[in-house]
Chemist: 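This is the structure I have questions about; it appears just below.
Letters A, B, ... mirror the listed sequences (proteins, then strands); counts begin at 1. Only heavy atoms go into these numbers, but all of them, side chains included; no hydrogens, no water, no symmetry mates.
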Protein chains: 2
Amino acid sequence: MSDEPRPLLVDRTPFPDDGIDERLRAQLTFLVEIDRLKTILRQSPLVAAERRENDAEHSWHLAMMVGVLAEYADEPIDVGHTVQLVLLHDLVEIYAGDTPLYDTAAGVDQAEREAVAADELFGLLPKDQAQRLRELWDEFEERRTPEARFAKAMDRLQPLLLNWMASGGTWRTPGVTADDVRARKAVIGDASATLWKAGRRLIDEGERRGWSRSGSGGDGESVEQG
Amino acid sequence: MSDEPRPLLVDRTPFPDDGIDERLRAQLTFLVEIDRLKTILRQSPLVAAERRENDAEHSWHLAMMVGVLAEYADEPIDVGHTVQLVLLHDLVEIYAGDTPLYDTAAGVDQAEREAVAADELFGLLPKDQAQRLRELWDEFEERRTPEARFAKAMDRLQPLLLNWMASGGTWRTPGVTADDVRARKAVIGDASATLWKAGRRLIDEGERRGWSRSGSGGDGESVEQG
Ligand SMILES: [Ca+2]
């Protein structure tokens, strides 16, 4: 790690010195910087094109799912608040990188790296907003509220749908079994019995069709997000 | 136009016949279909990569902007509601295509094509949700509420920021002048005097640097979104 300040996107074309006050300048600096989320690739394949999804597309898709599927939450949720959580849940990956779901080695210091990344990225904002976004991100990570549990369920259900549409997608990753997939997806059931029943139906049917390997022999080390 | 039903993405890998009830099946069908938004390219260049932005990335970025910039709305707005508007405002382009801002020929039947597209796309959902999303989209289009005006302002301010970061971006399109850009962006001022002042500052400075052509000689026919 170097002590050099990280170059910001806005440094490439700095705003004029006058005519934009300090608070708004900080907010626009942050809003330009998060353009990077569009370049963070996930493992999941798109349905509509032959390429992997990026985190900005994924976050948008989760927000739409919250709006459409909120009625299945087992505990009452505030939809607008849940949408806020999914919109920002992956932002820290801009500086911390994406940690694939089954990559245990990379997961060791993930929490620490992501906390540092959150301080740095949210710290571009005025203090009050930096603190608010940090609280929202902590809420998502800790899953102590019904909104955070539902947001997490969407984060697991969305790539499950993409993998289903790809006749297996990352379920076919060597070393991953159907039991691994079921275990990773079970948090959907912490938010919605109905959605977890539907998700499990797709995983079971995928296993029956040979899209994932049967049994529990997975080593849990392989790269999978779906 | 043919009377053939349009093939849906979900038809490529239909859900199992059992285990997912009709209402949820309709919702998941819609949520798979809107994956197409990730393939609709805009004119605006990303800041963080050398490619054009797509509508899903754009919609996510607008939602983040609403969360960060809501304090500048001249009329009080409901942030959650405004976020809903920006998340879905471009969905009709999935079936209607994107109409560039200055392409007057294509604009003629745009409203009609988009209304048909809205009926078809939202019609995949259960009736109550189809109606709710249609109402939200109409609200955005008609700009009669403070939330719709602020959503529209974000829709104009975001590509302005991207163009600034690209040292002009689509402002450099032949036939477009700085006056054209100012005229197209003026709706930002219907929602926020502060944000329009900042936006105009960037347009003015871009003109001074020669990123856009001075004067009002634009023919208004060229392709520009920024
Ligand atoms: Ca993630």
Chemist: Is A/F15 close to chain B through its backbone or its side chain, or both, or neither, when contacts mean heavy atoms under 4.5 Å?
Modeler: both
Chemist: Sort out for me which of A/A56, A/A166, A/S167, A/G80 touches chain B most, counting heavy-atom pairs under 4.5 Å.
Modeler: A/A56
Chemist: Quick check on A/D18 against chain B: is it the side chain, the backbone, both or neither that has a heavy atom closer than 4.5 Å?
Modeler: both
Chemist: Where do A/R209 and B/T13 come nearest, in terms of heavy atoms and distance?
Modeler: NH1-CG2, 4.5 Å
Chemist: Do B/V79 and A/Q84 touch side chain to side chain, with heavy atoms closer than 4.5 Å?
Modeler: yes
Chemist: Between A/L87 and B/L87, is any pair of side-chain heavy atoms under 4.5 Å apart?
Modeler: yes
Chemist: Within a strict 4.5 Å, meaning less than it, do heavy atoms of the A/I20 and B/L202 side chains meet?
Modeler: yes
Chemist: Can you tell me which portion of A/P14 sits under 4.5 Å from chain B's heavy atoms? Options are side chain, backbone, both or neither.
Modeler: backbone
Chemist: For atom CZ of B/R6, decide whether the heavy atoms of other residues, nucleotides or ligands shown that lie under 6.0 angstrom number more than 12.
Modeler: yes
Chemist: Under 3.5 Å, side chain of A/Q129 to main-chain N/O of B/V68, donor-acceptor pair present?
Modeler: yes
Chemist: Using a cut-off of under 4.5 Å on heavy-atom pairs, state which of A/I34, A/V32, A/L133 scores highest against chain B.
Modeler: A/I34
Chemist: Given that the side chain runs from C-beta out, which part of A/R208 has a heavy atom under 4.5 Å from chain B: side chain, backbone, both or neither?
Modeler: neither
Chemist: Please classify the contact between A/V83 and chain B as side chain, backbone, both or neither, with a heavy-atom cut-off of under 4.5 Å.
Modeler: side chain
Chemist: Can you tell me if B/E22 has over 12 outside heavy atoms packed within less than 6.0 Å of its CD?
Modeler: no
Chemist: Check whether any side-chain heavy atom of B/W60 sits under 4.5 Å from a side-chain heavy atom of A/V86, and report yes or no.
Modeler: no
Chemist: Of the backbone (N, CA, C, O) and the side chain (C-beta and beyond), which part of A/R132 lies under 4.5 Å from a heavy atom of chain B, both, or neither?
Modeler: side chain
Chemist: Within a reach of under 6.0 Å around CG of B/D128, are more than 12 heavy atoms found that belong to other residues, nucleotides or ligands?
Modeler: yes
Chemist: Is it the side chain or the backbone of A/E71 that comes within 4.5 Å of chain B heavy atoms, both, or neither?
Modeler: side chain
Chemist: Among B/H58, B/E57, B/E53, which residue satisfies the side chain to side chain donor-acceptor pair (under 3.5 Å) criterion with A/K38?
Modeler: B/E53
Chemist: Side-chain contact, heavy-atom cut-off 4.5 Å: B/M64 with A/L91?
Modeler: yes
Chemist: Between B/L37 and A/H61, is any pair of side-chain heavy atoms under 4.5 Å apart?
Modeler: no
Chemist: At a 4.5 Å cut-off on heavy atoms, which part of B/R51 comes close to chain A: side chain, backbone, both, or neither?
Modeler: side chain
Chemist: Going from CG on A/N54 to CG on B/L46, what distance comes out if it is rounded to the nearest 0.5 angstrom?
Modeler: 8.5 Å
Chemist: Please report the shortest heavy-atom distance between A/R201 and B/P16, naming the atom on each side.
Modeler: NH2-CB, 3.5 Å
Chemist: Do you know which of A/V10, A/L162, A/L28, A/L24 has the most heavy-atom pairs with chain B at a distance under 4.5 angstrom?
Modeler: A/L24
Chemist: For atom CD of B/E75, is the number of surrounding heavy atoms from other residues, nucleotides or ligands below 6.0 Å larger than 12?
Modeler: yes
Chemist: Going by heavy atoms in the side chains, are A/L161 and B/D35 under 4.5 Å from each other?
Modeler: no
